[in-house]
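A short worksheet on the structure shown next.
Every value quoted in this text rests on a predicted model; they were computed, and no experiment measured them.
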Amino acid sequence: MGAQRVIGVDVGGTKTLAGVVGRDGEVGRTAERATPSDSQEELLAALDDVVDEVRADGEIDAVGFGLPSTIDQNAGTAVSSVHIPLAGLAFRSRMSERYAVPVAMDNDGNAAAIAEWQLGAGRGTRHMIMLTLGTGVGGGLILDGKPYRGAIGAGAELGHIVLQYGGPKCGPGCDGHGHFETLVSGRAADRAAQKLYGPSSSARELVDRARDGDEAAAAALAEVGHKLGAGIATLINIFEPELVVLGGGFAEAGDLLFDAARETVAQEALPPGRDLVRIVPAQLGPRAGMVGAGLIAFERLERE
């Protein structure tokens, strides 16, 4: 039997990235599409299109999807989604029939966490937490040397920790209030930038101004960082991880966020967890979700 070939598909709120992924994380041919937001039918058509482009080079053995969705692993169902039009669909069966190969699915935060744990910043750890900071906040848990998914696969929705009771509404697709992702995501930084510099400003401008020495921008990012640290401290107190890995586009703000987060962790997390944990940036960059989706495809092949 030759080397197995799988495709990993990272479905994001704005773009979808697919690629051939090796067991060692090496990436072959890739393709990218904008993620449709108008209807489930358009979304599925776009996923089929991007997978077909990547698999044009030859046969593949499995496909893995990282979805910004709540997953029922037992039923293979995408229960609900916050940023894409996908809900109540027997996703695994639909895709297995379409591609005629085994299909794996997981939350996109879980997929990125698995990639960083096996191939990135978390290599060698048995207890790791990853947070992905972007439009929202995703994440995943590695507990006692294996991914934690909950009773049916819908666990580890770290972005929906309630950080502030009665706080601002979470956003489209979630009726909660004061959730982690509402207060520490790129959207939170967008709001801070718009308050300081006008309605056309964004998180990117806030970070750029802070790097150029703008004290108001630096203070706004530090405030987001302190809230990030409060959430991390809660996770440390519950799970006592060896490592917390921070990735995603907004995490590129680096120590403008991380220094304040570490200060709050030092204040709010309990010993010995606060003294043992390391908080580090992710290593795999924007391909982490795609690579992780490929790794869960290999996991599916091993089970079968």
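- At a threshold of 4.5 Å between side-chain heavy atoms, the hydrophobic network of Ile, Leu, Val, Met, Phe, Trp and Tyr places V50 and V101 in one connected group.
- Judged by distance alone, with hydrogens and angles left aside, the side-chain atoms of D190 form no donor-acceptor pair with the main-chain N or O of S202 at under 3.5 Å.
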(message) Working note: Y99 + R55, criterion side chain to side chain contact (heavy atoms under 4.5 Å, CB included); need CA distance, chi angles, decisive distance, verdict.
(response) CA-CA 10 Å; Y99 307 131; R55 74 186 299 188; 3.6 Å; yes
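- In this structure, CG on L235 lies 9.0 Å from CG on N237, to the nearest 0.5 angstrom.
- In this structure, C170 and H177 have side chains that are not in contact, with every pair of non-hydrogen atoms separated by 4.5 Å or more.
- No side-chain donor-acceptor contact under 3.5 Å links Q283 to the backbone of E116.
- At most 12 non-hydrogen atoms from other residues, nucleotides or ligands lie less than 6.0 angstrom from CD of E26.
- Between F298 and Q4 the shortest side-chain heavy-atom distance falls below 4.5 Å.
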Would you be so kind as to tabulate the donor-acceptor pairs closer than 3.5 Å made by side chains of residues 239-251, with sequence neighbours excluded?
{"from": "E242", "atom 1": "OE2", "to": "R126", "atom 2": "N", "distance (Å)": "2.8"}
{"from": "E242", "atom 1": "OE2", "to": "H127", "atom 2": "N", "distance (Å)": "2.7"}

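- Linking ILVMFWY side-chain heavy atoms closer than 4.5 Å, directly or via other members, places I114 and L158 in two distinct hydrophobic clusters.
- K227 places no side-chain N or O within 3.5 Å of a backbone atom of A261 that could act as its donor or acceptor partner.
- Under the 4.5 Å side-chain contact rule for hydrophobic residues, I238 and V162 do not share a cluster.
- A 4.5 Å side-chain heavy-atom check between I84 and L43 finds at least one atom pair inside the cut-off.
- Side chains of N110 and Y148: no donor on one and acceptor on the other come within 3.5 Å.
- With hydrogens and angles ignored, the 3.5 Å screen pairs a side-chain donor or acceptor of R92 with a backbone N or O of Q73.
- Residues I279 and L256 share a hydrophobic cluster, clusters being chains of Ile/Leu/Val/Met/Phe/Trp/Tyr side chains in contact below 4.5 Å.
- The backbone N or O of K15 sits less than 3.5 Å from a side-chain atom of T35, completing a donor-acceptor pair.
- Closest approach of A18 and V54 over heavy atoms only: O-CG2, 3.7 Å.
- To the nearest 0.5 Å, atoms OG (S69) and CG (N107) are separated by 7.5 Å.
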(request) Check step by step if side chain to side chain contact (heavy atoms under 4.5 Å, CB included) holds for D212 and R209. (result) CA-CA 5 Å; D212 288 340; R209 284 177 176 266; 5.6 Å; no
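- Remark: side-chain polar atoms of E53 are not paired, donor with acceptor, to backbone N or O of A31 under 3.5 angstrom.
- For the pair E302 and R23, the salt-bridge criterion is met [side-chain N within less than 4.0 Å of a carboxylate O].
- Within 6.0 Å of the NZ atom in K169, the count of heavy atoms belonging to other residues, nucleotides or ligands exceeds 12.
- Scanning both residues, L119 and L295, for their nearest heavy atoms gives CD1-CD1, 4.0 Å.
- Under a cut-off of 6.0 angstrom, the local environment of CZ in R278 is sparse, with at most 12 non-hydrogen atoms contributed by other residues, nucleotides or ligands.
- Taking a cutoff of 4.0 Å between a charged side-chain nitrogen and a carboxylate oxygen, E252 and R204 qualify as a salt bridge.
- Looking at V103, D106, V6 one by one, the single match for side chain to side chain contact (heavy atoms under 4.5 Å, CB included) with I296 turns out to be D106.
- Looking only at side-chain heavy atoms (C-beta outward), L133 and L228 come within less than 4.5 Å of each other.
- Of the possible donor and acceptor atoms, none in the side chain of S81 sits under 3.5 Å from a partner among the backbone N and O of H83.
- Checked against R33 for a salt bridge (Lys or Arg N to Asp or Glu O under 4.0 Å), the options D48, D10, D49 give a single hit: D49.
- Side-chain atoms of T132 come within 3.5 Å of backbone atoms of G138 as a donor-acceptor pair (strictly under, hydrogens ignored).
- Here R191 contributes atom CZ and S185 contributes atom OG; the two are 6.5 Å apart, rounded to the nearest 0.5 Å.
- Using a 4.5 Å cut-off on side-chain heavy atoms (C-beta onward), R287 and L284 make no contact.
- Between the side chain of N74 and the backbone N or O of I152, no donor-acceptor pair lies under 3.5 Å.
- Heavy-atom minimum distance, L47 versus V11: CD2-CG2, 3.7 Å.
- Grouping the Ile, Leu, Val, Met, Phe, Trp and Tyr side chains by contacts below 4.5 angstrom, directly or via other members, places I129 with V184.
- Going from atom CG of D214 over to atom CG of L206 covers 8.0 Å, rounded to the nearest 0.5 Å.
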(message) Between D255 and R262, does the side chain to side chain contact (heavy atoms under 4.5 Å, CB included) criterion hold? Intermediate values first, please.
(response) CA-CA 9 Å; D255 286 341; R262 292 185 179 107; 3.4 Å; yes
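- Taking each heavy atom of A111 and G66 in turn, the nearest pair found is CB-CA, 4.5 Å.
- Between atom CE of residue M290 and atom CD1 of residue I7 there is a gap of 11.0 Å, rounded to the nearest 0.5 Å.
- Here the straight-line distance linking atom CG of L89 with atom CG of L44 works out to 6.0 Å at 0.5 Å rounding.
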(request) Step by step, work out the side chain to side chain contact (heavy atoms under 4.5 Å, CB included) result for V224 and L183. (result) CA-CA 7 Å; V224 175; L183 299 171; over 6 Å; no
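- Among residues two or more places apart in sequence or in another chain, the ring pair (Phe, Tyr, Trp, His ring centres under 6.0 Å) test is passed with F65 by F91.
- Side chain of T125 to backbone of M128: no donor-acceptor contact under 3.5 angstrom is found.
- Closest approach of P85 and S39 over heavy atoms only: CG-O, 3.4 Å.
- Between R187 and E181, at least one side-chain nitrogen of the basic residue sits less than 4.0 Å from a carboxylate oxygen of the acidic one, meeting the salt-bridge criterion.
- Between V63 and V9, the shortest heavy-atom distance links the atoms CG1-CG2, 4.1 Å.
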Kindly list each side-chain donor-acceptor pair under 3.5 angstrom involving residues 268-277, sequence neighbours excluded, with atom names and distances?
{"from": "R274", "atom 1": "NH1", "to": "A269", "atom 2": "O", "distance (Å)": "3.4"}

